[in-house]
Amino acid sequence: MPESLSPRISELARADGGREADYLAGLNPEQRRAVEATEGPVLVLAGAGTGKTRVLTTRLAHILATGRARPWELLAVTFTNKAAREMRERITNIIGPQAEGLRWTGTFHSIAAQILRRHAELVGLKSSYTILDPDDVERLLKQLIEAANIDAKRWTPRALAGHIDNWKNRGWSPERLPPSEGGHFAEGKGAILYAAYQERLKVLNACDFGDLLLHNITLFQKHPDVLADYHRRFRYILVDEYQDTNVAQYLWLRLLAQSHGNVCCVGDDDQSIYGWRGAEVDNILRFERDFPGATVVKLERNYRSTANILGAASGLIAANKGRLGKTLWTELPGGEKVRVTGVWDGEAESRVIADAIEDAHRKGRPYRDVAILVRASFQMRAFEERFILLQLPYVVVGGPRFFERAEIRDAIAYMRLVQSEDDDLAFERIINTPKRGIGDTSVSKILAIARGNGVSASLAARGLANTDELPARTRTALATFLRDMDRWRGQVETLQHARLLETILEESGYTDALRLDKTPTAQTRLENLKELVQSMGAFDTLSSFLEHVALVMDLENRGAAEDSVQIMTLHSAKGLEFPLVFLPGWEEGVFPSQRSVDEKGEKGLEEERRLAYVGITRAREEARISFAANRMVYGRWTTQLPSRFVDELPLANVDAASETGYYGAGPGLKEAASRWDEAPTFGGGYTSPGWRRGQQTMAGRDPGFRQRDVIEGKGKLVATSDPKAESTYTKGGRVFHQKFGYGVIRLVEGNKLTVSFDKAGEKKVIDTFVERV
DNA sequence: TTCTTCACGCTTTTT
DNA sequence: GCGTGAAGAA
């Protein structure tokens, strides 16, 4: 046992010799196998809720406790900062303060960035390189696209950024880009633009996120001595969420693991939901081929969900092909069945869910135990509106990141430009922010000169400020700006950087401009800036702060403690769990997303199904799925069919309830529907086959019938499902304008259609005609 | 240079 | 439905 290790670890190690070490107590046999298989390649297939993080952290503790490695000899990689933070915390709980020595615990990108800082010169960068965020990247690409005389409207910088990111994820530098790939952009100019972009980055001494890994790979491949050093350094490698690794990450890992092969990858092929950003489920599927002699451990005992929730999720995911296959089981009781509810439209859905939440809350369930998991963010609005109306506390998790907000990026651009004068992207961003009379024409002039002379924009601006090429007013504005910049630069040493930022924001007129701004967001922006200044205090140097900003895009524990319902996308719910989970919007085209299926076919559909699986398995006690017959998408009404996933749920674990009555599409729910006492919903294109509305036949899912259509009786409009519907009609020569109610349309008996309105508290029932054919 | 208007487009998201 | 970004007007 090396002396430098903490007494705590030695103690654990001794315990290991005699009795079972206490950190191993309570592990089930599978988990224990995963912890103790220390040598050689190991794949841990950890199903949802099987105690993955526990195994992961215990395994690290075990390696340390048994003296196999010291903390700084462990490389532990995660995808998100949050996961890295959690891992570090939990290891600290086991081994105590010695966890400080875990220098190499972090995200792929943060570790790659550290390695790159040490060897930047070997790949043609300076160690002071800046990491560009996606916004910088897009602006840079836009310049390149325009410089190449390509129509930037048809071939957007965003699309090119997407392609380049994709290429980098697959480990393709410009030289290695397969010729067919370049054709995806601007009739084959993609490859040239990619190469030009990489050239520009080198000149700017900058990297994008993908470069961090790509440069690492180049570095390892071209400098075996450097790689050998890291082989000695990292004796054990551990990777979390392996199913989400892309090719570049895989190559990086394989290079680092190739000498000793002590690599342990933990993941779940059924939870691979990031294919669209380069994740290769194949990485986990072919692990045993890539790492011969690998030990494979399956964690199949679930500690999180009731048997019904687990059954529903397992039944659904069974429809996917090409799985490694796991059989999750639990000793928890059956619990509530997963409830599937059909509703009239998105508004009804939010109403039903909000009511259910209030009900649960009355019965003692805290709001924070409830989550609403949506496929796409446009679904969130209906819930927000309803919750605001009811004053039901909620938080939207995810959403625009703090560091992506315009005011924050402006402030950071000021700091970046203070830090290094030749950060042209920062220069461009703030040269006329706040507006100081230096317009587009002047800026282009500066940039053109900079480009022509191969100097930085700041330097070019200095030159221009001394000539009479610019109008006098612009010239003074520019001179003032440059003088201010110099003054602030002079204060870097003397002033604390948080204080410096405050000074800059005041003196540049940025805060003044915001104070004068009467838009409602201006106040929040000012507060955000205050928060930024505060958060800067935690960093010793300006450069360490800027590095943090680039790699850690979220601000820790903001608004975490409040008791509110959590609304988030399914993607951001991965890794979380809640007692009560609502899964709204299970409609074909919404979930599974139409685009996913269109673009990726069967593969895309399977990923959507995994997303559904992730959704259900977030629930501990209760999962409630819902779908609407009609939905407003981007301001347009659309008729919806229930998701095929609804029909794939095993009936044994599902309870079909209905607000409005529902006639299901697939065999599963059809059977369930036959048991309902309520008659099927009438309305939308979503109705029972064989019913006729007025003279118009509505066979099954007649696409011609839309939400905005109205039900007419005796020549008069009596009901519509459009909440904002109004109609104008003429009676005795006078024109009447009438607003109509909005409600649940329900078929009661014979040919009478009942429409009940509950708008504005008013309940009204209208009978009208419907013929049965 | 800045203000105004109109067209467009728009899953998921981490670093 | 709404925010963005580009083109035209003041």
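Bear in mind that the values here come from a model prediction, so they are computed numbers and not experimental data. Letters A, B, ... are given to chains in the order of the sequence lines, protein chains preceding strands, and every chain is numbered from 1.
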Look at the side-chain N and O atoms of [X] and state whether any lies under 4.0 Å from the OP1 or OP2 oxygen of [N].
X        : N      : result
A:Ser596 : B:dT12 : no
A:Ser377 : B:dT11 : no
A:Asn81  : B:dT14 : no

Just how far, in rounded Å, is [atom2] of [N] from [atom1] of [X]?
X        : N      : atom1 : atom2 : result
A:Leu470 : B:dT1  : CG    : P     : 9 Å
A:Phe108 : B:dT14 : CZ    : P     : 16 Å
A:Glu241 : B:dT15 : CD    : P     : 12 Å
A:Tyr274 : B:dT11 : OH    : C1'   : 12 Å
A:Glu547 : B:dT15 : CD    : C1'   : 12 Å
A:Arg277 : B:dT11 : CZ    : C1'   : 13 Å
A:Leu551 : B:dT14 : CG    : P     : 14 Å
A:His109 : B:dT13 : NE2   : P     : 17 Å

Out of [options], whichever nucleotide has its closest atom nearest the side chain of [X]:
X        : options                : result
A:Ser442 : B:dT2, B:dT1, B:dT15   : B:dT1
A:Asn432 : B:dT2, C:dC2, B:dT13   : B:dT2
A:Arg381 : B:dC3, B:dT15, C:dG1   : C:dG1
A:Ala376 : B:dT12, B:dT15, B:dT2  : B:dT12
A:Glu608 : C:dG1, B:dT1, B:dT11   : B:dT11
A:Trp276 : B:dT13, B:dT15, B:dT11 : B:dT13
A:Arg595 : B:dT13, B:dC10, B:dT2  : B:dC10
A:His571 : B:dT11, B:dT15, B:dT12 : B:dT12

> Parallel, tilted or perpendicular: which describes the rings of A:Phe481 and A:Phe427, with under 30° parallel and over 60° perpendicular?
Replying inline: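 Ring orientation, 0 to 90° scale: perpendicular.
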
> With A:Arg117, which residues qualify under salt bridge (Lys or Arg N to Asp or Glu O under 4.0 Å), at least two apart?
Replying inline: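 Partners of A:Arg117 under the salt bridge (Lys or Arg N to Asp or Glu O under 4.0 Å) test: A:Glu547.
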
> Excluding sequence neighbours, so at least two apart, what forms salt bridge (Lys or Arg N to Asp or Glu O under 4.0 Å) with A:Asp269?
Replying inline: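 Counting only residues at least two positions away or on another chain, A:Asp269 forms a salt bridge (Lys or Arg N to Asp or Glu O under 4.0 Å) with A:Lys326.
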
> Does any N or O donor sit under 3.5 Å from an N or O acceptor when you compare the side chain of A:Arg375 with the base of B:dT12?
Replying inline: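 When only heavy-atom distances are counted, A:Arg375 does reach the base of B:dT12 through a donor-acceptor pair under 3.5 Å.
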
>> Can you work out whether A:Phe79 or A:Thr441 has the more 5'-proximal nearest nucleotide on DNA chain B?
In response: A:Thr441

>> Heavy atoms only, 4.0 Å cut-off, all strands: where does A:Thr80 land among base, sugar-phosphate and nothing?
In response: sugar-phosphate

> For B:dT11, does the O4'-C1'-N9-C4 (purine) or O4'-C1'-N1-C2 (pyrimidine) torsion place it in syn, i.e. within 90° of 0, or in anti?
Replying inline: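 Because its glycosidic torsion lies within 90° of 0, B:dT11 adopts the syn conformation.
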
Pick out the pairs of N or O atoms, protein on one side and nucleotides 6-10 of chain C on the other, that lie under 3.5 Å.
unit_1 : atom_1 : unit_2   : atom_2 : d
C:dA6  : OP1    : A:Lys142 : NZ     : 2.9

> Between A:Leu116 and A:Cys207, which heavy-atom pair has the shortest distance, and what is it?
Replying inline: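 Residues A:Leu116 and A:Cys207, closest heavy atoms: CD2-SG, 3.8 Å.
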
> Can you name the closest pair of heavy atoms from A:Ser442 and A:Thr474 and give their distance?
Replying inline: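 Scanning both residues completely, I find the closest heavy atoms to be OG-CG2, 3.4 Å.
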
> A:Phe378 on top of B:dC10's base, within under 5.5 Å and under 30°?
Replying inline: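 According to the criterion (under 5.5 Å, under 30°), no, A:Phe378 does not stack.
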
Centroid separation [X] to [Y] less than 6.0 Å:
X        : Y        : answer
A:Tyr230 : A:His119 : yes
A:His571 : A:Trp276 : yes
A:Phe383 : A:Tyr394 : no

>> Between A:Leu144 and A:Ile150, is there a side-chain heavy-atom distance shorter than 4.5 Å?
In response: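 A:Ile150 does not reach A:Leu144 side chain to side chain.
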
